[in-house]
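Notes follow once the structure below has been shown.
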Amino acid sequence: MALQRFLVAFVVVSVLFSCVNALSSNYYDKTCPKAESTITQVVKKAMSSDKTVPAALLRMHFHDCFVRGCDGSVLLNSTKNNQAEKDGPPNISLHAFHVIDTAKKEIENMCPGVVSCADILAVAARDAVTLSGGPTWAVPKGRKDGRISKASETRQLPGPTFNISQLQQSFSQRGLSLDDLVALSGGHTLGFSHCSSFENRIHNFDKKNDVDPTLDVSFAANLKKVCPVKNTMKNAGSTLDTTTFLFDNVYYKLVMKKKGIFSSDSTLLTNSRAKTLVSNFATSQNEFFKAFASSMIKMSSISGSAQEIRHDCRFVN
Ligand code: HEM
Ligand SMILES: *[C@@H]1O[C@H](CO)[C@@H](O)[C@H](O)[C@H]1NC(C)=O
Ligand SMILES: *[C@@H]1O[C@H](CO)[C@@H](O)[C@H](O)[C@H]1NC(C)=O
Ligand SMILES: *[C@@H]1O[C@H](CO)[C@@H](O)[C@H](O)[C@H]1NC(C)=O
């Protein structure tokens, strides 16, 4: 009797565990030991011919995790009957899908059907940070790939005009704290923004001000120059910090000086705890790196309800 009850309990517990899909950093040690080093090599090579690759990979992973959990949904191509996330509105900066494709192809040749596209993206995002001078960390793996990707769901992403309470809500819905928000915003140490993501701040801001008064005056004047009212250059815009290709803490120094590009960056100064963290990270790159690594692990563990290991990252099986 006791043994029977024990066995039932054992089965229930193991079923529960397999549903939760716990991630682990040594997930592929036996099934595909070279997966991770292959991804690193592919990212390294892609960066050497295109310096914009790291920023693209980091942002892509963020998007992936914030829509349906980190399930590779951002990687799927649109089909005849479905417009995918990557073809939804805030897609102008999504690129570097080819890097994931290359890594996937090499890994499929070694260990077919084993490594998920969602895991490849999570590792590639970490490599992008590390190879740009940022911190490193062990990436938990074991994600599955989803079968659903909808352009309309990119509306669930936080927008650049969000204030602190809207950002906090968006992050807490995904189990991320205010501290995670401040640390992960440091991802804006890499990359570029198109005018459309911040032009509301520099033209016709509100009834009283043409320019957002929380912006540094000369910084705003420069942004106006690259993004005039009648902007005819589709790719015009600004780098997110002054050391675009380096993963460092300069982003926080700029936010402190009212030179954060987006309202969502500047608004970090409107909450006292967030402001304290921004100031700490501006002073100590080491503190930022530690916080960023631990918040990335949290973000990249947001789970979805995915089930499969895709053969091709652009298509469901
Ligand atoms: C807090 C909420 C966030 C908002 C509102 C936001 C918004 C944006 C916007 C509007 C852009 C520019 C898109 C364009 O115009 O091309 C951008 C770029 C970028 N974001 Fe964020 N973001 C947020 C959080 C994050 C997080 C958590 C990460 C990663 C940890 C991240 C990494 C990046 C990177 C690397 C770029 C540059 C992309 C490139 O140059 O290809 N962002 N973000
Ligand atoms: C996926 O979509 C992209 C962009 O629309 C296109 O260039 C590419 O050829 C598609 N990939 C495949 C394998 O069909
Ligand atoms: C981006 O999204 C817009 C709006 O949904 C779409 O018309 C466009 O084709 C997409 N662009 C890219 C490069 O995917
Ligand atoms: C943030 O924006 C929302 C929506 O516009 C508004 O209701 C809220 O009061 C704002 N919060 C702060 C702290 O400004």
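If you read the sequence from its start, that first residue is 1, and numbering goes on from there. Counting convention: from 1, in listed order, for ligands and their atoms alike.
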Are any of the side-chain heavy atoms of Ser266 and Arg201 separated by less than 4.5 Å?
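Counting from C-beta outward, Ser266 and Arg201 do come under 4.5 Å.
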
Side-chain contact test, heavy atoms from C-beta onward, threshold under 4.5 Å: evaluate it for Met299 versus His61 and give yes or no.
yes

Is it true that [X] and [Y] have a side-chain N and a carboxylate O under 4.0 angstrom from each other?
X      : Y      : result
Glu85  : Arg68  : no
Asp101 : Arg314 : yes
Lys34  : Glu106 : no
Asp265 : Lys259 : no

Would you say [X] touches ligand 1, if touching means a heavy atom closer than 4.0 Å?
X      : value
Phe198 : no
Leu181 : yes
His95  : yes
Phe262 : yes

If the plane angle is over 60° it's perpendicular, under 30° parallel, otherwise tilted; pick one for Phe281 and Tyr252.
perpendicular

Closest to [atom] among [options] (heavy-atom distance):
atom                    : options                       : value
atom 42 (N) of ligand 1 : Arg59, Gln168, His188         : His188
atom 35 (C) of ligand 1 : Ser264, Ser196, Ala55, Gly191 : Ala55
atom 5 (C) of ligand 1  : Ser185, Cys65, Gly159         : Gly159
atom 30 (C) of ligand 1 : Thr161, Leu268, Leu184        : Leu184

Hey, does Phe192 come in under 3.5 Å of ligand 1, counting only N/O atoms on both sides?
yes

Report yes if some N/O of Thr52 lies less than 3.5 Å from some N/O of ligand 1; otherwise report no.
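So ligand 1 has no N or O lying under 3.5 Å from an N or O of Thr52.
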
Does a side chain donor of either Asp180 or Ser177 reach within less than 3.5 Å of an acceptor in the other side chain?
yes

Assess, by modelled atom type and distance only, whether the side chains of Asp50 and Thr52 contain a donor and an acceptor separated by less than 3.5 Å.
yes

Just which atoms of ligand 1 are under 4.0 Å from any heavy atom in [X]?
X      : result
Pro160 : 5 (C), 10 (C)
Leu167 : 1 (C), 2 (C)
Gly187 : 35 (C)
Leu240 : 18 (C), 19 (C), 36 (C), 37 (C)
Ala56  : 41 (O)
His194 : 14 (C), 15 (O), 16 (O)

Check: [Y] main-chain N/O paired with [X] side-chain donor or acceptor under 3.5 Å:
X      : Y      : answer
Lys150 : Ile148 : no
Lys224 : Ile202 : yes
Asn163 : Thr267 : no
Asp71  : Ala306 : no

If we count only non-hydrogen protein atoms and require a distance under 4.0 Å, does atom 5 (O) of ligand 2 qualify as touching the protein?
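No, no protein heavy atom sits under 4.0 Å from atom 5 (O) of ligand 2.
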
Can you find a protein heavy atom under 4.0 Å from atom 11 (N) of ligand 4?
yes

According to a 4.5 Å side-chain heavy-atom criterion applied to Ile, Leu, Val, Met, Phe, Trp and Tyr, with indirect links allowed, do Leu178 and Val278 form part of one hydrophobic cluster?
yes

List every atom of ligand 4 that sits less than 4.0 Å from any heavy atom of Asn163, numbering the atoms from 1 in the order shown and giving each element.
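Reading through ligand 4 atom by atom, the close ones are 1 (C), 2 (O), 3 (C), 8 (C), 10 (C), 11 (N), 12 (C), 14 (O).
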
Only heavy atoms of Ser165, strictly under 4.0 Å: list the atoms of ligand 4 that pass.
1 (C), 10 (C), 11 (N), 12 (C), 13 (C)

Ligand 1 contact on [X] by region, counting heavy-atom pairs under 4.0 Å:
X      : answer
Phe171 : side chain
Leu157 : neither
Pro158 : both

Go through ligand 2 atom by atom and flag the ones less than 4.0 Å from a non-hydrogen atom of Arg314.
1 (C), 3 (C), 11 (N)

Measure the distance from atom 13 (C) of ligand 2 to every protein heavy atom, then report the residue, atom name and distance (to 0.1 Å) of the closest one.
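For atom 13 (C) of ligand 2, the nearest protein heavy atom comes out as Phe315 CE1, 3.5 Å.
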
Could you identify the single nearest non-hydrogen protein atom to atom 3 (C) of ligand 2 and state the distance to 0.1 Å?
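Going by distance alone, atom 3 (C) of ligand 2 is nearest to Asn77 ND2, 3.7 Å.
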
Charged tip of Lys86 within 45° of Phe97 ring normal and under 6.0 Å:
yes

